[in-house]
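To start, the structure itself, in structure tokens.
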Amino acid sequence: MGTVDEKQQKQREYWNARSRTFPRFEEGDDNYEAGMLRHAAENGVDFNGKRVLDVGCGSGMYTLRLARMAGSVTGVDVADEMLRLLREDATAMGITNITTVCSGWDDFSSDEHFDIVFASMTPAIESDESREKLMQYATGQVVFMGFSDRMLSDVMQGLHERYGITPKIFNNAQEMRAWLDGKGIPYTAIPVKGQWVVAKSREELVDSCVTTLRDYGAEPDPHFVEAHVEAFRDENGQYVERTDYVIEMIIWQKR
């Protein structure tokens, strides 16, 4: 079994590789992130003027939206390349109230506490200790988004079959609810079901597929992957991946 430092380095390398093709902030009120923040607002979460901690912030798709409402946002992520993208977009947008911290969640430490702790789809929240840490830094609400099942990508399905891979089941939403139930903490759970539709260049989609397969321990043949993705080319020459998802937003108040 590797050390904590080795585990974190492996995570950093993986997510830095993913940053090459990872989605970035998009303007608009009709996209996925805007919709999820509406769900939060409809269920009593008010980010306006608040101090917010964004755990596993990635490239900042939520961080930048939150910063437009919040007094300040601290974005924590293990991948320095993800944070570089976030800072690049923040500079381009003239947003100056974001602080970034390159750290795994287990190693994160701060003297500051936050009105709202926000964590979306992050694999960093995987143990009771990591869940308890969300509470440690919150003075008000915690907003957690987690998967309730496998993510089913039309592109990856054939590659999983080719390399004998059983896709991971992501059940961190159920695990979070079970933990809260065990603590006797009341919460609101909002189920959200849909499909992500992401257009990429051929090179980006191949890169994403190869990186994902390697994370499962496979050593894919790039020529096979290149041929495989051709089936997903649209009339505009873009390569479109469709991923079905089932997500829960879970909101609770620090007691």
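Quick note: numbers below take in every heavy atom, side chains included, and nothing from hydrogens, waters or symmetry partners. As the structure is a prediction and not an experimental result, all values here were calculated from the model.
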Return the [atom1] to [atom2] distance between [X] and [Y], rounded to the nearest 0.5 Å.
X	Y	atom1	atom2	value
Leu134	Leu53	CG	CG	8.5 Å
Glu226	Cys209	CD	SG	11.0 Å
Leu85	Arg20	CG	CZ	12.0 Å
Asp207	Thr21	CG	OG1	5.0 Å
Glu26	Asn31	CD	CG	6.0 Å
Ser59	Arg87	OG	CZ	12.5 Å

Residues in salt bridge (Lys or Arg N to Asp or Glu O under 4.0 Å) contact with [X], at least two apart in sequence or another chain:
X	answer
Arg24	Glu88, Asp89
Asp215	Lys168
Glu204	none

Treat each ILVMFWY residue as a node, draw an edge where side-chain heavy atoms are under 4.5 Å apart, and state whether [X] and [Y] are in one component.
X	Y	result
Ile250	Leu66	no
Val101	Met61	no
Ile251	Tyr62	yes
Val45	Tyr187	no
Val73	Met121	yes

Give a yes or no on this: more than 12 heavy atoms of other residues, nucleotides or ligands lie within 6.0 Å of atom [atom1] of [X].
X	atom1	result
Asp29	CG	no
Gln195	CD	yes
Gln253	CD	yes

**Message:** Assess the residue pair Arg12 and Gln8 against the criterion (side chain to side chain contact (heavy atoms under 4.5 Å, CB included)); give the C-alpha distance rounded to whole Å, side-chain angles, the decisive distance to 0.1 Å, and a yes or no.
**Reply:** CA-CA 6 Å; Arg12 178 169 289 119; Gln8 181 166 297; 3.6 Å; yes
**Request:** Assess whether side chain to side chain contact (heavy atoms under 4.5 Å, CB included) is satisfied between Leu86 and Phe25, documenting all intermediate values.
**Result:** CA-CA 8 Å; Leu86 190 164; Phe25 173 85; over 6 Å; no
So does [Y] get a backbone contact from the side chain of [X], meaning a donor-acceptor N/O pair under 3.5 Å?
X	Y	answer
Asp80	Cys102	no
Ser208	Leu205	no
Lys254	Ala138	yes
Trp105	Ser130	yes
Asp107	Ser103	no
Asn97	Ala67	yes
Asn236	Gln238	no

**Prompt:** Does the side-chain hydrogen bond (donor to acceptor under 3.5 Å, both in side chains) test come out yes or no for Asp54 and Thr63, once each step is laid out?
**Reply:** CA-CA 7 Å; Asp54 187 357; Thr63 321; 2.7 Å; yes
**Request:** Using a strict 4.0 Å threshold on nitrogen-to-oxygen distance, state whether Glu132 and Lys183 make a salt bridge.
**Result:**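 So Glu132 pairs with Lys183 through a salt bridge.
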**Asked** Do NZ/NE/NH1/NH2 and the carboxylate oxygens of Arg18 and Glu81 come within less than 4.0 Å?
**Response** no
**Prompt:** Does the side chain to side chain contact (heavy atoms under 4.5 Å, CB included) test come out yes or no for Leu159 and Phe224, once each step is laid out?
**Reply:** CA-CA 9 Å; Leu159 294 173; Phe224 177 84; 3.7 Å; yes
Taking the side chain as everything from C-beta on, heavy atoms only, tell me whether [X] gets closer than 4.5 Å to [Y].
X	Y	value
His228	Arg162	no
Trp252	Met176	yes
Leu37	Met69	yes
Lys200	Glu241	yes
Asn172	Phe144	yes
Gln141	Phe118	no
Arg65	Arg68	no
Leu152	Gln157	no

Considering all heavy atoms of both residues, which atom of [X] and which atom of [Y] are nearest to each other, and what is their separation?
X	Y	result
Tyr239	Val229	CD2-O, 3.3 Å
Glu248	Ala189	OE1-CB, 3.7 Å
Met36	Ile247	CE-CG2, 4.1 Å
Leu213	Pro220	CD1-CB, 3.6 Å
Phe47	Val52	CD2-CG2, 4.0 Å
Lys133	Asp106	NZ-O, 3.1 Å

**Asked** Would you call the rings of Tyr32 and Trp196 parallel, tilted or perpendicular, where under 30° means parallel and over 60° means perpendicular?
**Response** perpendicular
**Asked** So, for Tyr137 and Phe108, is the gap between ring centers shorter than 6.0 Å?
**Response** yes
**Message:** Taking the six-membered ring for Trp, are Tyr216 and Tyr163 closer than 6.0 Å centroid to centroid?
**Reply:**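 Not close enough - the centres of the two rings lie 6.0 Å or further apart.
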**Request:** For Ile98 and Leu64, run side chain to side chain contact (heavy atoms under 4.5 Å, CB included): C-alpha distance rounded to whole Å, both residues' side-chain angles, the deciding distance at 0.1 Å, then the answer.
**Result:** CA-CA 8 Å; Ile98 295 173; Leu64 293 157; 3.8 Å; yes
